[in-house]
Trainee: 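Structure below; questions to follow.
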Amino acid sequence: MYVSRIFNSLQESVQEQYRMELLELNERTKEYGLMLTPQDVDRLLAARTEVLYSYGRVELSMEVTKELIDVFSTSPFIEQETYADTMNELHEIFYDLKNETEDRIGDRQLLHRMKEWFDADCEGSLDLLKGKLDQYAEKFRRELTKKETLHEGGDDQCDLTI
Amino acid sequence: MRSDNLRERAELAVQGSIRKSRLHRHPYTISLMNEGLRAGLLTSQELMRIQNGFMQILQELIQRHTRGESTSVTTDTAENILASVMYAADAYLFSFEQPERAITYLKAIDIRQVYTRGVEKVSQCYEQSKQLYKEIRATKLDVPVDAYNMTIDESLPIFLRKYGIIFDAHHTMASIDYPLAMDDMNLQGVYYIRQYLERLKLENTFCAMYDPQALLNLLTDYGRVCRFDYRIELYNMYELVLSQAVFSVMSGGDALDVRLSENQYLRLEQQLTALTEAGIRSAVTEAIVSLQRHLAIESQHKEYMDGCTDELVQRVAHAAKHNSLRTVILTEKEAVAKSIVISFSEADRMSDAELRSLLHEVMSCDRAEEKVRLILTRFKSFHDYLDMLESDCLYGDEYVLLFEAFGNTELAILAKIVFYEELRGESLDMTGILEQDNDYPMEWQKQFASSLRGMKQRLLAIDKLIDEIDYDQITFY
């Protein structure tokens with residue numbers, strides 16, 4: 001299959017549209033004193049592509065990036081000087097967490113949990129946030145394994161009638 | 001000048017047409033797109049539009065897959081969903097007789113329509129497969145062949161129940177162990193299953209024309225010739241029945257007879273060893289045609305049967321050349337009555353408590369002779385003997401004493417179990433097998449091999465019995 005090639009060619013063809021969509025978000029974030037320059041957006045898009053690739057994920061829309069900007073721009077711990085870099089790092093943290101929680105938790109729920117801990121427990125520290133989310137993912141997987149062990153065998157007890 | 005024009009025109013014609021050899025059944029659409037681009041029937045802009053169309057479908061399906069909870073998925077999941085989308089597109093586009101028409105269609109209509117019609121095609125194929133499965137169940141042969149029974153009773157129903165037309169259309173999630181006489185592994189998903197079922201139905205119908213007892217006897221003979229347990233091995237029954245029926249016709253017998261007499265064998269041997277491969281092909285083909293006429297085989301089945309001819313001709317030609325026709329042409333053999341003192345009946349088995357108590361008694365004996373006497377007088381069932389051997393209640397020379405006290409038949413039965421792999425299909429005798437440096441998983445097996453090495457005078461008789469005893473006379477699992 002030429003899947004990777006097809007994915008990449010598609011991403012290239014809509015890159016400009018993504019760029020516009022992200023720049024439009026400045027209208028909303030400027031009330032919190034946060035703006036992305038066209039260069040910031042280009043870097044953000046490049047970093048996102050890199051992160052998706054390195055974490056083995058595919059996303060055919062900008063929804064997560066837009067939601068990240070929407071949710072985190074209200075944080076009192078994000079300042080204009082570090083805004084673009086913080087967003088880049090948050091992308092990485094988010095997609096890593098998606099993998100570590102085995103895609104069992106929805107985007108919105110994860111983003112809001114990240115934001116809640118970022119503001120409250122971690123007071124804007126990305127390192128603390130990563131540590132906290134690592135623990136969260138570990139606990140989540142442990143419980144998942146426990147649940148799956150309890151249900152083991154259920155799937156194999158098949159009804160042979162069609 | 002004129003010839004230059006002609007050459008140019010010829011080149012243009014080649015460039016403008018699809019080379020079917022470059023198209024694959026899976027992934028058909030992608031190979032069609034590549035070939036369309038190469039032949040100039042698609043522009044790169046059109047190709048991009050088509051790709052974008054598929055990507056939009058993929059995007060929607062990702063949303064559906066995550067129930068709208070997530071916009072991203074792992075690359076593996078995305079590739080899997082896309083492969084399922086392309087499988088549906090393949091199903092539709094492959095239905096066009098001319099690939100050029102499929103390209104025209106791809107160019108002209110919304111990709112979503114290609115996909116939707118593809119899904120309809122896959123659904124139809126799935127429904128046909130379910131119907132075929134019901135027919136297979138109704139025509140299933142009553143034979144104790146594990147792979148055949150498991151495939152029909154378990155694997156196929158699991159596939160039909162779990163098959164996902166939208167997200168897993170390209171998967172053939174079934175452990176189908178029973179091999180067909182002719183299989184096309186280029187197919188995937190439900191198209192593979194439908195073809196498997198169609199062919200299995202033909203095979204069942206054919207085998208069902210023969211007397212069920214004759215079929216069972218044939219399987220036993222086959223197991224004997226191959227020196228394996230025909231119930232647990234992977235082989236195709238149709239091929240076996242067909243070849244025997246062909247040999248029957250070739251030796252003047254009936255098309256509905258699968259058991260050949262020694263005289264028929266000798267006639268065939270004389271005939272086949274005198275022929276070249278071309279002569280064998282002609283004789284086999286002639287017999288197949290006669291069999292088809294005699295049994296009123298319908299056209300689809302005829303085609304399938306004809307497809308099996310090559311393999312049969314090659315097997316016969318090879319065997320004729322190497323003087324091993326007896327492995328290909330099976331003759332009827334009377335089962336030899338054996339004086340087996342061990343019972344094979346499940347009903348004679350001791351209860352677990354009885355067995356534990358007896359094993360305790362054996363282990364408390366001080367003298368080896370006493371242990372052996374106790375075992376020989378109190379153990380009746382073969383299952384109990386195996387349980388006893390596996391319980392490690394004997395030590396060193398005690399094993400030798402016990403095995404020496406066994407009759408040749410019992411030793412031959414144990415040898416058939418311990419040396420199953422070595423005996424299977426090989427022409428090695430016991431002396432040859434015992435000379436090999438084998439690893440045995442259990443202590444009693446190691447001691448058994450070592451004891452046999454010390455019984456040189458009995459090995460010839462044991463070898464003979466190994467050939468005579470069939471695995472279906474031993475129920476040890």
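Proteins get letters first, then strands, A, B, ... in listed order; numbering begins at 1 in each. In this text, all values refer to a predicted model and were calculated from it rather than measured experimentally.
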Trainee: Where is the tightest heavy-atom contact between B:M55 and A:L60, given as atom of each residue plus distance?
Mentor: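 It is O-CD1, 3.8 Å.
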
Trainee: Considering heavy atoms only, which positions within residues 92-105 of chain A lie below 4.5 Å of chain B?
Mentor: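 At a heavy-atom separation under 4.5 Å, chain B is reached by A:Y95, A:K98, A:N99, A:D103.
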
Trainee: Determine whether more than 12 heavy atoms belonging to other residues, nucleotides or ligands lie under 6.0 Å from atom CZ of B:R101.
Mentor: no

Trainee: Quick one: which of B:D76, B:I62, B:T71 has the most heavy-atom pairs under 4.5 Å with chain A, could you say?
Mentor: B:T71

Trainee: Less than 4.5 Å to any heavy atom of chain A: does that hold for the side chain of B:T74, its backbone, both, or neither?
Mentor: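 Answer is both: backbone and side chain atoms of B:T74 are under 4.5 Å from chain A.
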
Trainee: Let me confirm one number: the CD-CD distance from A:Q109 to B:E69, rounded to the nearest 0.5 Å.
Mentor: 7.5 Å

Trainee: State, without any angle test, whether B:S72 and A:R57 hold a side-chain donor-acceptor pair at a distance under 3.5 Å.
Mentor: yes

Trainee: With a sphere of 6.0 Å drawn around CZ of A:F77, does it hold more than 12 non-hydrogen atoms of other residues, nucleotides or ligands?
Mentor: yes

Trainee: Suppose the criterion is ring pair (Phe, Tyr, Trp, His ring centres under 6.0 Å): which pairs have a residue in residues 33-61 of chain B, not counting sequence neighbours?
Mentor: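 Every candidate ring pair (Phe, Tyr, Trp, His ring centres under 6.0 Å) pair involving residues 33-61 of chain B fails, so no pair, neighbours aside, qualifies.
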
Trainee: Is it the case that more than 12 heavy atoms not belonging to B:K201 sit under 6.0 Å from its NZ atom?
Mentor: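 Counting neighbours around NZ of B:K201, 12 or fewer heavy atoms of other residues, nucleotides or ligands fall under 6.0 Å, so no.
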
Trainee: Check whether more than 12 heavy atoms from other residues, nucleotides or ligands sit under 6.0 Å from atom CZ of B:R22, and answer yes or no.
Mentor: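 Atom CZ in B:R22 is crowded, with more than 12 foreign heavy atoms closer than 6.0 Å.
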
Trainee: Out of A:L110, A:D107, A:V64, which one racks up the most heavy-atom pairs below 4.5 Å with chain B?
Mentor: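 So the answer, after comparing A:L110, A:D107, A:V64, is A:D107.
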
Trainee: Look at atom CG of B:D142 and say whether more than 12 heavy atoms of other residues, nucleotides or ligands are closer to it than 6.0 Å.
Mentor: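 Count not over threshold, so no.
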
